[in-house]
Amino acid sequence: MEEGNSPAMDAEEVAGQQPFLGGPDEAPRSFQFLKGMKEDLSARMPLYADDWGAPKRFFTVFNAAIYTFVIQLVPALIFAELMTSETEGKLAVVEVLLSKGMLGVIYAIFAGQPIVITGVTGPVAILLGTSYKLTEQYNAEYFAFFSWTCIWAGLLHMMSALVGLVSLVWIITPFTTQIFELFIGLTFVYTSVKELVEPISFTQGGVQEERSQHYASLFIGLITMWIAWTLHFAETWPVFTRGIRVFLTSYNTVVAVAMGTAFSYLPGVDLSDEDQVGIQRVNVTAPWDWQPTADRKWVVNPLDGIDGRGVAAAFVPGLMLFLLFMIDHNVSSIMTQKPSFNMKKPPSYHWDFFVLGLTFIPCAILGVPPGSGLIPTSPLHARALCTRRFFVDDHGVEREVVIHCEEQRWSGLGQALLMFVSLVSLEVVSWIPRGCLFGLFLYLGMCAFHGNEIWERLHLALMRPTKRPATALVRNVAWGDIMIYTVIQFVLAFAVFATAQFASIGYIYPALLILLVPIRSYFVSRIFHSDDLQFLDPSSQSAEEFAEEQALLAKALCMEMESDTSE
């Protein structure tokens, strides 16, 4: 087998590896100034030139860049529309696309491990929306307040990376990540339903023509959601070739948007004419005039329209962004470098978090939203860079084995540059109805539920005991304990959701997410037996699972070497 970024290992080397236990080899190192960053740089700098070298499989890298750009463009438009409504038009599509392109280029060039894809996330859109009212409370100009929010957040990121605080991410267990995922699902579903249904104003009088447009938007949203959800499972269909099924599953959101947009232009759907406004579409100036959405200059003056109280108050949402990204970005980085991707180059958590802090500087200057590692875009990007083979294990289950991963910087840089290309293609974006985007938002919320273990356990509760699948959890933990654990998680997720959506201080919700960690350590651990928590809240891959995966990998590598030799 050809040598490259991912050299082949023989079966003995594979079998001799130690199982990945969900954390670094050593105990977490907190508050050790510069040590973590020095180790990251010493490990990654010798590999920097190789990161820019020619990939082993060029089309794998090219396709990964295109695929990653496509699967994050539509969510970017959704989050932009959400921020537009929450910030009264201050932040919109232009700012989001510019931010994603700018952050992507910076991260691809300067990060230690460049496979992570950065961008504006749903939680960021929620946080920026909930903190918007603070500007009125402190009589501050919005973009000056926003600039100081980014400055504070960037400083906190860089300081935490310098002292090694990033190591604390290893104490986060599935208890917290499952609640975070359910919170995102609840928020997405609630927001999409609100945006689609509330404009209809069932309890109020109104012009019949205006209501018809809102009903049309609702219908378009439901159609878009249904198409995306149906194609989500296309890979399991018994019809079409595997290539077509994979394409429909991978690009389901794009297909759904295209079909929803086409439906909105059918005769009788959009009733706009000279006398009335038709269906609301994405709020962009097309073609783009190279100006911000709001009536302002690109460069923000952080001292204009804000006093000392406002500067100090901006520290609160800045701290919330830091706490949010401490979870969001580092979990994204961990998921991107999970052992099944068979990466050979080391991670770089401390240095990468420092680089993320640097990205807040251009955000503060230009007044564009900050971003962090994207879930699930980053793991999907890593998977797209992998050469995979399928084998049947000893239990008769087909398993996917990665035999090579293109660990380089070109795909991350390429997808970021495509974001700049999209800025000069806003004419096409302006065709998309808002109902279409919030229909996809509803789809993303449903996806957050689908596969979330809290939601799945609630579903199991509705099944007859004899019909429940004999999973390791069901076999080893009393059902009553499973339900108590599930109710605790659901209540905590709903509490965070209710605070973010309905409380006047909803912007503090990232702090509530951080509080889940001590709740798990000091409260939940006293309610449940440690043996049960190994199944309720597993923090690592078992040695048995690791051994099975490595055995399959050894088999795959041997077959690949034999294939290369024969060629």
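Computation of the quantities below employed the complete heavy-atom set of this structure, encompassing side-chain atoms and omitting hydrogens, waters and symmetry-equivalent molecules. Predicted model only: the values in this text are computed from it and were never measured.
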Arg434/Glu195 salt bridge by N-O under 4.0 Å criterion: yes

Does the side chain of Ser411 pick up a donor-acceptor pair with the side chain of His381 at under 3.5 Å? yes

In a check of ring pair (Phe, Tyr, Trp, His ring centres under 6.0 Å) between Trp410 and each of Phe62, Phe58, Trp52, which one passes? Trp52

Taking Ser378 for the side chain and Leu374 for the main chain, is one N or O donor matched with an acceptor at less than 3.5 Å? yes

Would you say the side-chain atoms of Glu406 pair up with the backbone N or O of Arg57, donor to acceptor, closer than 3.5 Å? yes

Do the side chain of Tyr509 and the main chain of Pro123 share a donor and acceptor less than 3.5 angstrom apart? yes

Donor-acceptor contact present, side-chain Lys345 to main-chain Glu407, <3.5 Å: yes

Classify the side-chain pair Ser217/Gln280 by whether it contains a donor and acceptor separated by less than 3.5 Å. no

Quick one: pull up CG in Asn252 and CG in Leu231 and give me the separation to the nearest 0.5 Å. 6.0 Å

Quick one: do the His329 and Thr118 side chains pair a donor with an acceptor below 3.5 Å? no

So Phe449 and Trp455, would you call those rings parallel, tilted or perpendicular, with 30° and 60° as cut-offs? parallel

Within the 6.0 Å centroid threshold, strictly below: Phe494 and Phe497: yes

Does any N or O in the side chain of Arg296 come within less than 3.5 Å of the main-chain N or O of Gly367, such that one atom is a donor and the other an acceptor? yes

